[in-house]
Amino acid sequence: MQTFTINSALDMHLHLRDEEMLKLVAPLTSKTFAAALIMPNLVPPVTTKEALLGYKERIKEACKKDDFEPKMTLFFKNDYSYEFLKDIKDEIIALKLYPAGITTNSETGVSSMDVESLRPTLESMSKLNIPLCIHGETNGFVMDREKEFMPIYESIASSFPDLKIIMEHITTKDAVKLLDKYENLYATVTLHHLLITLDDLAGGMLKPHLFCKPIAKRPEDRSALLEAALNAHPKLMFGSDSAPHPKHKKECCGCAAGVFTSPIALQVLTELFDKNNKLENLNSFISLNAQRIYNFKAKEKAIKLVKKEFIVPDAYRYNEEIVVPMFAGQSLSWSIEE
Ligand code: NCD
Ligand code: ZN
C-alpha cells in the first residue's frame, strides 16, 4: 500500500475558540499537527498579556495528550505602545489585523486601513521584528473585496520594508501575483480555497458548510492558488483557517462564516498533491516554508498517511457541542495510520 510521511505539519492560521468548542476542536489539530498559529478573535479579542497567557494555558490543557505547540497571536490595535509589544514579544509569533466588522468577531478591529493611522503600532512591530498577519478584505462587493485590498497591502509593504506581512487566506490570482512584487509579503492559503469555487458553495443547492470569509472565488483564482501551493511557492504557507461554528449556527437562516477542516486537512492535502504528482513538495508547503518565513524550528512529529479509504465523520461532538467538518460523510482516498 502506498504511504507518505508528513514531518512536523504546521497550520499557520487556525481558530480554536474557547470553552467547550476548544475542548472539542483542539485535539483534532494537536493529534496530527506539530504546531499552529492561533487566531485571537475570541469575544472579547486577545489584546492583553493576561488574556494571551490564559488562553495559551487553556489550549495546552485541551491538547495535553499530544506533543503540540500553540503559537499565539495578539489582536492588532493601532495604539499598542512599544514597551507593551517589547514585553509580550517572546509570547507571540505575530499580530493579527482585522478591518472592523469584516469577519467573525472583528467588530473591534481597525476602522481605517490608512497607513498613517496604523503607523505607531507598525513602526514598533517593525523595530521589534514582529510579523503582521492581515485579513485583507475591504467592505466592497463580496467577490472584489480581496482584489480591492491589494493597494493597501502594497502601501503597507512599501512603507514598512522591514516588516514581514502575511496576507492571510488568499483567494485570488491577484494576491498570488503580488507575492512576487514585494520581498516582505508572504501568504497563507487554506485547504478549501485550493478545492472549491463559488460554484461549489452557491452554484447548486446552497452549501452552508462551505461558506467562509473570504468567499471562494472563480476557477482561474483557484488554479493560480493551486499552482502556487503544488509547486510549494517559497512565500506561501498552509494555513487551514479551520473555523468551527456550532452546527446550529451553520444550518440556519443567517449562516456563520467558516469552514471546519482540521480533522481532514492532512488526508485531503495528501490526496490533492498525490493526484497532481507533487507529493515531493507537500512537506515544504505544510512545514518547511513556514519555519523559514517565521524563523523557528518545529518539533519532530512524523505522521504516516496510507492510501486507504477514510470516511469523514458526519460530525464531531463534545457534550452539547456539535461541529460538522468539510466533506462530512464522504469518502477520501488517504487516511492517517493509527
Ligand atoms: C473566521 C472565524 O469564524 O473566526 N471565519 C471565516 O469565515 N474564515 C474568521 C476569519 O478568518 O475570517
Ligand atoms: Zn481565519
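Both ligands and their constituent atoms are indexed starting at 1 by order of listing.
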[X]: numbered ligand 1 atoms lying under 4.0 Å from its heavy atoms:
| X | result |
| --- | --- |
| A243 | 1 (C), 2 (C), 3 (O), 5 (N) |
| H13 | 11 (O) |
| A257 | 3 (O), 5 (N), 6 (C), 7 (O) |
| T103 | 5 (N), 9 (C), 10 (C), 12 (O) |
| N41 | 2 (C), 4 (O), 9 (C) |
| C212 | 7 (O) |

- Message: Run the side-chain hydrogen bond (donor to acceptor under 3.5 Å, both in side chains) test on T172 and K147 for me, step by step, so that the C-alpha distance in whole Å, both residues' side-chain angles and the decisive distance to 0.1 Å come before the verdict.
- Response: CA-CA 7 Å; T172 57; K147 188 186 168 70; over 6 Å; no
Does [X] have a heavy atom less than 4.0 Å from any atom of ligand 1?
| X | answer |
| --- | --- |
| M39 | no |
| E168 | no |
| R17 | yes |

- Task: Please find the N/O/S atom of D241 nearest to the Zn ion (ligand 2) and write down its name.
- Result: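 Closest to the Zn ion (ligand 2) among those atoms: OD1.
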- Once the angle between the rings of F84 and Y80 is folded into 0 to 90°, is it parallel (under 30°), tilted (30 to 60°) or perpendicular (over 60°)?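 If you compare the ring of F84 with that of Y80, the planes turn out parallel.
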- Message: Is there a continuous path of hydrophobic side-chain contacts, each under 4.5 Å between heavy atoms, that joins L282 to L236?
- Response: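 In one cluster: yes.
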- V189-V176 co-clustered via ILVMFWY side chain contacts under 4.5 Å: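 The answer is yes; both residues are in one hydrophobic cluster.
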- Query: Honestly, is K278 close enough over F273, meaning NZ or CZ under 6.0 Å from the six-membered ring centre and within 45° of the axis?
  - Reply: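 No, K278 does not lie over the aromatic ring of F273.
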- Message: Whether K301 and D66 form a salt bridge (side-chain N of Lys/Arg under 4.0 Å from carboxylate O of Asp/Glu) is what I want to check.
- Response: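 So D66 does not pair with K301 through a salt bridge.
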- Message: Under 3.5 Å, is there a donor on one side chain and an acceptor on the other for T188 and E168?
- Response: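 On atom types as modelled, these side chains qualify, holding a pair under 3.5 Å.
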- atom 8 (N) of ligand 1: the protein heavy-atom neighbour that sits closest, reported with distance to 0.1 Å: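 Protein heavy atom with the smallest distance to atom 8 (N) of ligand 1: D241 OD2, 2.7 Å.
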